[in-house]
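Counting starts at 1 for both ligands and their atoms, in listed order.
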Amino acid sequence: MTGAATGANRFVVVSNRLPVDRASSGEGWEASPGGLVAALAPVLRAHKGCWVGWPGEVDLKVEPFDFEGIDLRPVTLDSDDYENFYEGFSNSSLWPLYHDLIVAPDYKAQWWEAYRDVNRRFAEAACAAAEHGAVVWVQDYQLQLVPGFLREMRPDLTIGFFLHIPFPAPDLFRQLPWREEITTGLAGCDLIGFQRAEDEQNFRALVGEGLPRSGTFPISIDPEAVRRGAQGDVDKLRAEVGNPRTLMLGVDRLDYTKGILQRLLAVERLLEQGKLSDATFIQLATPSRERIDSYQETRREVEEAVGRINGRFGEVGRPVVHYIHRPVAKQRLGVFYSAADVMLVTPFKDGMNLVAKEYVSCHPDGSGALVLSEFAGAAVELKQAFLCNPFDLESVEEAILRAVDGAPEAMRQMYRQVKDNDVDKWAASFLEAL
Ligand code: ADQ
C-alpha cells in the first residue's frame, strides 16, 4: 500500500483527541487543558507541524483548520465508532486489561474490527499530512495499530509511539484475542516510549530484543503553568469549608483505577476510630466514560460512601466530605492544590498520575503532604511521598495519619524533582531519542 498521499508537514502528532474543545460560547475552539499540548505546541510551531485527532463530538465533520499556529487535522468518528472503538475496545477491553484487571475486560470481535478500521483512518489522515521523510509521533493505547499501518503505507516516515498507560505483564497481555496484531502494530514504530521501566520490561518480555527500539520517558507537567492557576483565593476556599485544621483533597477523573472509594473508606475508618479530628475532605471527580457500566458502578459506590460518611460524621452546614462531580476549570484547580494540607492520590494502577505532580508544583515552600499509591508511575520519581498500598486500607490510613503532620523537606525535594523534569524535558528527550 505504498504511495499513499504525501502532505506538507515535517512533524505530525497523532492522538485520539485533538488538543482543542469547542468554545463554551459555541463559536470556534479553545485549547483543551493538558500538558501534552503545552509541551508539543512549541515543537509543532517550530517544525511546521500538525496534529491529527478526533475533535471530540460524534459525527462532527470539520475541515483542517489553524489553531494558534498549529495545523489541526480532524478525524470524524460516528456514533458506531464511538461505541465500538472508543467505549468498546479502547475503554472496555484495553483499559481494564492494561490496568491489571481491576474490572474484567470484555473482548468482542465487533469492537476489535472497529478499532482496526478507526486506526487505519487515523493512519491515512497522518499520511495525508506528512511530507516525505517526516517524523510522526503517535500517542497512546487507542492507536496501537497506527505505527504498523503507517510503516506499510509510508516506509519513508520516522515513527514514534508513546504509551501513556501501563503495559501489562506478559501473562495478562496474552489474554487478548488480538495480541499478535497489537504487538505487530506497535512493532511498526522506530521508537516506543513507556512511563516506567517495568512497562518497558513487560513489553520486551513479549517481543524480545531488537525492533522497535524502546525507552522509558516519564511524562510530566509544566509546573509554572499550574502555579499560575494557583493565584486565586486560598484563604477564601479554606474559609468556605469551615477552616478545618486539616484539609484533604482528591482530584481525579471518576475512574475505577483511581481508588477513590478506597481513600473514602480509609478516611471513614479513621473517623470511626476518632483518629482524625477537625479534618475536611474535598473530592473533585470529573465525569468520565459515563455510559460504561463499570464507571456507573464506581460512581454509585463513591456517592454512597460520601453520603454515608457525611450522615455519620457531618454536622448541619459542615459536611466532612465535599464532593463535586463536575469538571473544574484548570485555573481553579491550582487554588484547591494550594489550599490542601494533604493530597490523596491512591490509584490501584496508573501510568503516571499528573495530579500528584500538579499538587507538588503548588507547594514549592515545603507546605502540604502527598499520600501516593506505590502503583502510580509517579511513585518512581516522587519517592519522598507517603507511599501506600491501596489494596491494604490500613496502609492508606497510616499514610494519611503521617501526612497530617506535614513533611517540609520531602515536599521541597519533590518540588525540585518536578521542576527539573518538566514536560518540555519529557518531549525533548523522546524526540531526541527518536
Ligand atoms: P488520566 O488517567 O486522565 O491520564 P492524570 O495523569 O491524573 O490521569 O491526568 C489527569 C489530568 O486531568 C490532570 O492534568 C488533572 O489536572 C486533570 N483532572 C483530573 N481530574 C480533574 C477534575 N476533577 N477536575 C479538573 N481537572 C481534572 C492518563 C493516564 C495517566 C497519565 C496521563 C498522562 O491514565 O497515568 O499520567 O494520561 O500521560
N/O to N/O below 3.5 Å, does that happen between [X] and ligand 1?
X    : value
P327 : no
H99  : no
L354 : yes

For ligand 1, which atoms have a heavy atom of [X] less than 4.0 angstrom away?
X    : answer
K258 : 1 (P), 2 (O), 8 (O)
Q195 : 31 (C), 38 (O)
V355 : 7 (O), 15 (C)
L333 : 16 (O), 25 (C), 26 (N)
G351 : 35 (O)
L284 : 23 (N)
W95  : 34 (O)

Region of D255 that comes within reach of ligand 1 [heavy atoms, distance under 4.0 Å] |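 For D255, no heavy atom sits under 4.0 Å from ligand 1.
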Among [options], which one has a heavy atom closest to [atom]?
atom                    : options                : answer
atom 31 (C) of ligand 1 : K357, K349, H325, H164 : H164
atom 17 (C) of ligand 1 : K330, R326, Q283       : K330
atom 24 (N) of ligand 1 : I219, V328, V423       : V328

Within 45° cone and under 6.0 Å: R289 NZ/CZ vs W95 ring =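 The answer is yes; both the distance and angle limits are met.
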Decide whether a cation-pi geometry holds between R22 and W29; the criteria are a distance under 6.0 Å from NZ or CZ to the six-membered ring centre and an angle within 45° of the ring axis.
-> yes
Heavy-atom neighbours of [X] [atom1] exceed 12 at 6.0 Å:
X    : atom1 : value
Q296 : CD    : yes
R245 : CZ    : no
E30  : CD    : yes
E409 : CD    : yes

Distance-only donor-acceptor check, side chains Q142 and N91, under 3.5 Å =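 No, because no side-chain N or O of Q142 sits under 3.5 Å from a partner of the opposite role on N91.
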Classify the side-chain pair T216/E200 by whether it contains a donor and acceptor separated by less than 3.5 Å.
-> yes
Relative to the ring of Y98, is the ring of F173 parallel (under 30°), tilted (30 to 60°) or perpendicular (over 60°)?
->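 Tilted, since the angle between the ring planes falls between 30° and 60°.
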